[in-house]
Amino acid sequence: MSRPEDSAVSSPFIQSPAEPANGSVNPNGTRKDFLSDRAASTEIDGIRGLMPLEGPGIITFYTPLSSNPSAGRPNPTTFPFDSITLHMKPPLGGGEKRDVELDGDLLDAAMQYGPSAGLPQIRQWLSGLQTHVHGRAPGNWTVSMGSGSQDLMSKAFYAVLNPGDPILMETPVYSGVLPTLRQLKAKMIEVDVDDQGLSATRLEEILANWPADQKRPRVVYSTPVGCNPSGCSASKQRKLDVLAVMKKYDLLMMEDDPYYYLTQNLIPSYFELETQVFPEGGHVLRFDSFSKLLSAGIRLGFATGPKDVLHAIDVNTAGANLHTSALSQAVAYKLLETWGIDGFLSHARCVADFYAGRRDIFEAAANKYLAGLAKWVSPVAGMFLWIDMSPAGITDSYKLIRNEALAKGVLAVPGQSFYPSGKASPHVRVSFSVIDLDKEAPEGFRRLAEAIHDKRKELGLE
Ligand SMILES: Cc1ncc(COP(=O)(O)O)c(C=O)c1O
């Protein structure tokens, strides 16, 4: 006998994906075959089954449509907020300060439980942004909100990996993904980057030589623009090369792109280029973040991609935290609505210019003190330099930082933190985001150079 919650019904708080064909892309571009066993068999709680029975003339003793029905919805009459005024700085590119009011229906939504995928207003706005920026017509993909892209990525790993599954990861890798992958006991396959980040050649090599008796990877993870930590950015051609390998081996790309806008010339994303290789889509799960553009503390990010996978993420959200802070979403929406897409893009360009200006000063200081001792890829995006000290004979930056560098009074993140295997690395990651560029940056590099010289003396290289 079928129960109400078993039926594939549409619900206002979570999208119900259309059924895909087995192991292939259905007309909606969804990919149920990418789902982990857990995600494929987990649905939202049983109350969901009641939702389709609601309608005109039906009195519901639980939560009316448009909210998250499992939550005990409080009566907003008791909430002490009447309106919220956002005092906005003048735009970075110049202009006036302005005040924006958060009130009426949007304030009501901000104060109440909401849909797990996010407030419809901001999801719609962001879908429009994705269409505008990445040229993807609406249809075979959707957008879900998360408490930062980190939240969405963690849930996405649960959605697409069974415990012990292999995952291909560009290395060095953003270390923030490691705790979840370790919890999942994922078999992390390191794919070393070159000066354009994830290497299609290396990816192909690994997949072509995959042992016949081992489960093949289905997922590849990359931060393609201004990578944290490598500072590398993949060109359009590089992304097309990677997509070609993905096509050959039927892979899903997790495109972790919080630095996408932090470059003066936007590079076409995997999400944009996907349709050149997979006309039906369904192979790129993209993560955007507001942390580097609006505020990190607002904790807002959004995932864009195949409906099945996003549905699985939303189911996880419904169980973990019901939904991302509706207040954060409403504040961001109000701002975005006020700016419009052009205003948002103009703000993003100003942010990119800001970081590019800092990078130039920072890199000049690095060159002054580290020339001959270290090398790095000059970043066209992001906020990181990945300093390779192997020209000076350094093989283990962790030891250098713990000993010689600390003794000189300078710290940077040792490279080994960014390898799942924890292998020794000659790199350190340094950031030009917030450091004082006049005094601290040059003095820090001077001290790092002294530390390297001390180490070289100890090694008998000087
Ligand atoms: C590569 C990368 N991905 C994801 C995140 C997390 O971003 P969010 O603040 O949106 O969770 C960061 C944060 O620095 C990052 O560097």
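No experiment lies behind these values; they were computed from the predicted model shown. First listed ligand is number 1; within each ligand, the first listed atom is number 1.
Residue contacts with ligand 1 include Pro258, since one of its heavy atoms falls under 4.0 Å from the ligand. Using a 4.0 angstrom heavy-atom cutoff, Ser289 counts as in contact with ligand 1. Within the structure, the closest approach of Tyr259 to ligand 1 falls below 4.0 Å when heavy atoms are considered.
Considering both main-chain and side-chain atoms, Lys292 comes within under 3.5 Å of ligand 1 through a nitrogen or oxygen pair. For a threshold of 3.5 Å applied to N or O pairs, the pair formed by Ser147 and ligand 1 contains no separation below that value. The shortest N/O to N/O separation between Thr223 and ligand 1 does not fall below 3.5 Å. Checking only distances, Tyr174 never comes within under 3.5 Å of ligand 1, N or O to N or O. The shortest N/O to N/O separation between Gln150 and ligand 1 falls below 3.5 Å.
Taking atom 7 (O) of ligand 1 as the reference point, the nearest protein heavy-atom neighbour is Ser149 OG, 3.2 Å. Scanning the protein for heavy atoms near atom 3 (N) of ligand 1, the closest one is Asp256 OD2, 2.7 Å.
Distances below 4.0 Å separate heavy atoms of Met153 from the following atoms of ligand 1: 3 (N), 4 (C). In the vicinity of Arg299, heavy-atom distances shorter than 4.0 Å reach the ligand 1 atoms 8 (P), 9 (O), 11 (O).
His347 and Tyr261 have their aromatic ring centers separated by at least 6.0 angstrom.
Ionic pairing of Glu404 and Lys408 is not present here: no N-O contact between side-chain nitrogen and carboxylate oxygen is shorter than 4.0 angstrom. Using a 4.0 Å cut-off between a side-chain N of Lys or Arg and a carboxylate O of Asp or Glu, Lys187 and Asp165 do not qualify as a salt bridge. Comment: Lys423 engages Glu190 in a salt bridge, judged by a side-chain N to carboxylate O separation of less than 4.0 angstrom. Under a 4.0 Å N-O distance rule, the pair Asp194/Arg238 qualifies as a salt bridge.
One side chain, Gln150 or Tyr174, offers a donor N or O that lies under 3.5 Å from an acceptor on the other.
Partner of Glu274 under the salt bridge (Lys or Arg N to Asp or Glu O under 4.0 Å) criterion, out of Lys239, Arg136, Arg286: Arg136 alone.
Between His283 and Phe278, the two ring planes are parallel [angle under 30°; tilted spans 30° to 60°]. Taking the six-membered ring for Trp and thresholds of 30 and 60 degrees, Phe362 and Phe432 have ring planes inclined between 30 and 60 degrees apart.
For the residues Ser175, Cys227, Ser291, the heavy atom positioned nearest atom 9 (O) of ligand 1 is part of Ser291.
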